[in-house]
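Let me begin by presenting the structure, written as structure tokens, before commenting on it.
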Amino acid sequence: MAIEKDDSRSRFFQGLTRIFIRIMSLLYCARKGSVQGTGKRMKNESSRPGTSWKRIRRFAIQLQIRVSLWDSMEIEGKIGSLGFAMNGNTEDLKAIMGFREDMECWRQSSFEQGVAKLDMPTIALQPIYTTCILQRDIEKTKKEKMDQSLYSKCLVILSVMGMIGTSSAAYAGGPWRRASATFYGDETARETMGGACGYGNLWNSGYGAATSALSTVLFNDGYSCGQCFQIRCVSSPNCYYGSPATVVTATNICPPNWGQNSNNGGWCNPPRAHFDLTKPAFMKIANWKAGIIPISYRRVACKRTGGIRFKFEGNGYWLLVYVMNVGGAGDIKTMAVKGSRTNWINMSHNWGASYQAFSSLYGQSLSFRLTSYTTRQTIYAWNAAPASWSAGQTYKSNANFS
């Protein structure tokens with residue numbers, strides 16, 4: 001109630017001030033018009049400086065300017081208080097800001113014209129005030145158009161940058177290098193199922209028998225799981241004619257054998273680069289009776305059908321995910337999971353191609369964010385698993401690397 005009384009008093013005082021200013025302006029205009037019409041001066045004008053019309057006019061203009069300043073300060077005070085009281089309601093704030101701009105135009109016309117020309121009547125300031133408002137509106141319109149144009153240009157630039165980023169992130173392969181290769185198991189590749197990467201049954205995982213175990217140097221603590229290599233036999237009489245090449249996926253580790261020399265049985269000992277192929281893969285490039293052959297190899301893009309697959313293990317408070325059927329560079333550097341009721345949760349690298357999160361995510365649909373180890377490209381597999389997910393199941397997404 002106290003605030004309402006203060007506001008009513010302020011409005012009453014301002015109203016009286018404006019009425020007084022208008023009366024003084026009209027009297028001054030009437031006097032000036034009569035003097036201009038007769039060409040005569042009042043005889044006692046100069047002898048009564050205390051009642052000089054010019055002084056009255058000066059006082060009126062100064063009072064008008066003070067009222068304008070007062071209005072502006074009062075508006076600023078209301079804006080400051082509304083900033084805390086409106087709770088997100090911006091319409092009142094916009095209205096007050098617009099009125100404040102109007103007052104700025106009035107103050108500008110009062111200062112520039114009223115102070116400089118004390119004999120100018122108040123009514124003469126109206127065209128100046130109107131011009132100020134029009135100029136302000138024109139500048140606002142121009143600024144809005146410029147902002148819209150800039151916004152459109154930024155969208156185009158961001159779209160182009162996005163396309164460039166996607167194309168540059170597509171994996172193109174690596175240079176040829178030298179290594180050696182052996183094989184393990186038989187023609188059925190039964191012994192190669194499973195492996196350190198955690199893919200389980202390689203036929204069900206989509207890799208089949210075109211796989212290989214990597215030496216410690218190439219395995220890279222499991223970050224090479226899923227990478228694809230083109231291999232050809234070189235510089236050996238056991239190579240097939242024309243040195244045909246085959247492509248294999250890294251699914252296992254070939255552990256070192258410290259009991260044997262690196263050049264005589266310890267083929268996977270560091271720092272050797274070595275591939276222990278499945279027998280079907282070995283037989284595509286050389287005679288299996290050779291046992292070990294020199295090869296050339298290079299990284300190539302993995303061509304996968306469909307999206308990335310996620311095999312779930314763990315319990316209600318620990319989620320372990322094996323990532324399979326990864327395209328592009330084939331590898332994963334970092335991974336995060338998001339439940340339908342949670343924010344993004346960073347997952348840690350467990351081993352091979354598995355990542356874990358210590359969080360309760362039961363009863364929530366799950367999305368994944370994956371970043372490639374080689375290209376650093378990031379993709380999102382939204383709603384890859386339903387809210388009814390369970391451990392031991394494999395879920396397919398629609399997302400994959402290029």
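Values reported hereafter were calculated over all heavy atoms of this structure, with side chains retained and with hydrogens, waters and symmetry mates removed.
One N or O on the side chain of N325 and one on the backbone of T305 form a donor-acceptor pair closer than 3.5 Å. Looking at D276, its side chain never comes within 3.5 Å of a backbone N or O of W267 through a donor-acceptor pair. Although no hydrogens or angles enter the test, the distance criterion places no donor-acceptor pair under 3.5 Å between the side chain of N220 and the main chain of G222. A donor-acceptor distance shorter than 3.5 angstrom exists from the side chain of S224 to the backbone of L218, with no hydrogens or angles considered. At distances below 3.5 Å, at least one donor-acceptor pair connects side-chain atoms of R272 with backbone N or O atoms of S262. Under the 3.5 Å distance criterion, the side-chain polar atoms of W344 are left unmatched by any main-chain donor or acceptor of G339. Judged by distance alone, the side chain of S365 and the main-chain N or O of P386 form no donor-acceptor pair under 3.5 Å. With hydrogens and angles ignored, the 3.5 Å screen pairs no side-chain donor or acceptor of K279 with any backbone N or O of M283.
Scanning for salt bridge (Lys or Arg N to Asp or Glu O under 4.0 Å) contacts around R232 gives an empty result, with sequence neighbours left out.
Looking only at atom types and distance, the side chain of T334 has no donor-acceptor partner in the side chain of R369 under 3.5 Å away. Looking at S372 and D331, their side chains do bring a donor and an acceptor atom within 3.5 Å of each other. With no hydrogens or angles considered, no side-chain donor-acceptor pair links T278 and T211 at under 3.5 Å. Under the 3.5 Å distance criterion, with hydrogens and angles disregarded, a donor-acceptor pair is assigned to the side chains of T249 and R304.
Residues Y380 and T378 approach most closely at CE1-CG2, 4.2 Å, considering heavy atoms. Shortest non-hydrogen contact noted between S236 and I293 is OG-CG2, 4.3 Å. Here the closest heavy-atom approach between residue G206 and residue R309 is recorded as N-NH1, 3.8 Å. Closest of all the heavy-atom pairs between C302 and G330 is SG-CA, 3.9 Å. Nearest approach of P255 to C268, heavy atoms of both residues: O-CB, 3.5 Å. The minimum heavy-atom distance between Y355 and A353, with the atom names listed, is CD1-O, 4.0 Å.
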Inset, instruction - Evaluate the criterion side-chain contact (heavy atoms from CB on, under 4.5 Å) for residue pair W288 and L277; output intermediate values, then yes/no. - result: CA-CA 11 Å; W288 66 273; L277 304 169; over 6 Å; no
Inset, instruction - Please step through side-chain contact (heavy atoms from CB on, under 4.5 Å) for the pair V321 and V337, ending with a clear verdict. - result: CA-CA 10 Å; V321 180; V337 60; over 6 Å; no
Inset, instruction - Decide side-chain contact (heavy atoms from CB on, under 4.5 Å) for R178 and S235; before the verdict, give the C-alpha distance in whole Å, the side-chain angles of both, and the deciding distance to 0.1 Å. - result: CA-CA 11 Å; R178 299 300 294 270; S235 305; 3.9 Å; yes
Inset, instruction - Could you please spell out the steps behind the ring-ring contact (aromatic ring centres under 6.0 Å, His included) verdict for F229 and F275? - result: CA-CA 10 Å; F229 298 86; F275 291 80; 5.2 Å; yes
Inset, instruction - Show your reasoning for whether side-chain contact (heavy atoms from CB on, under 4.5 Å) applies to V248 and I231. - result: CA-CA 8 Å; V248 295; I231 298 174; 3.7 Å; yes
Inset, instruction - Check the pair F219 / W351 against ring-ring contact (aromatic ring centres under 6.0 Å, His included), numbers first and verdict last. - result: CA-CA 11 Å; F219 191 68; W351 178 252; 5.7 Å; yes
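We find the CG-CE distance between L370 and M347 to be 9.0 Å, quoted to the nearest 0.5 Å. Taking CG of L361 as the reference point, atom CH2 of W318 lies at 13.5 Å (rounded to 0.5 Å). One finds the OG atom of S360 at 8.5 Å from the CZ atom of R341 (value rounded to the nearest 0.5 Å). K311 NZ to S205 OG: the interatomic distance, rounded to the nearest 0.5 Å, is 7.0 Å. Taken from CD1 in I295 to CH2 in W176, the straight-line distance is 9.0 Å, to the nearest 0.5 Å. Put simply, CD on Q227 and SG on C197 are 9.5 Å apart, with the number rounded to the nearest 0.5 Å.
Inter-residue side-chain proximity for F401 and I379 is flagged as met; some heavy-atom pair is nearer than 4.5 Å. Side chains of K284 and Y240 form no contact here, defined as non-hydrogen atoms less than 4.5 Å apart. In this structure the side chain of I332 reaches within 4.5 angstrom of the side chain of V326, judged on heavy atoms. Contact check for H274 versus T182: side-chain heavy atoms found under the 4.5 Å cut-off. S348 places a side-chain heavy atom less than 4.5 Å from the side chain of Q356. Inter-residue side-chain proximity for F282 and S212 is flagged as unmet; no heavy-atom pair is nearer than 4.5 Å. In this structure, the side chains of C228 and R299 stay at 4.5 Å or more apart for every pair of heavy atoms. Using a 4.5 Å heavy-atom cutoff, the side chains of Y297 and Q230 are not in contact.
Between Y207 and Y199, the ring planes lie tilted relative to each other; the angle falls in the 30° to 60° range. The aromatic rings of F368 and F312 stand perpendicular to each other, their planes meeting at an angle above 60°, with 30° marking the opposite boundary.
In summary, the aromatic rings of Y362 and W389 are positioned with their centroids under 6.0 Å apart. Residues Y317 and F358 place their aromatic rings such that the two centres sit no closer than 6.0 Å.
Enclosure of atom CG in N315 by more than 12 non-hydrogen atoms of other residues, nucleotides or ligands within 6.0 angstrom is indicated.
Pairs engaging residues 391-400 under the side chain to side chain donor-acceptor pair (under 3.5 Å) rule: none recorded [sequence neighbours left out].
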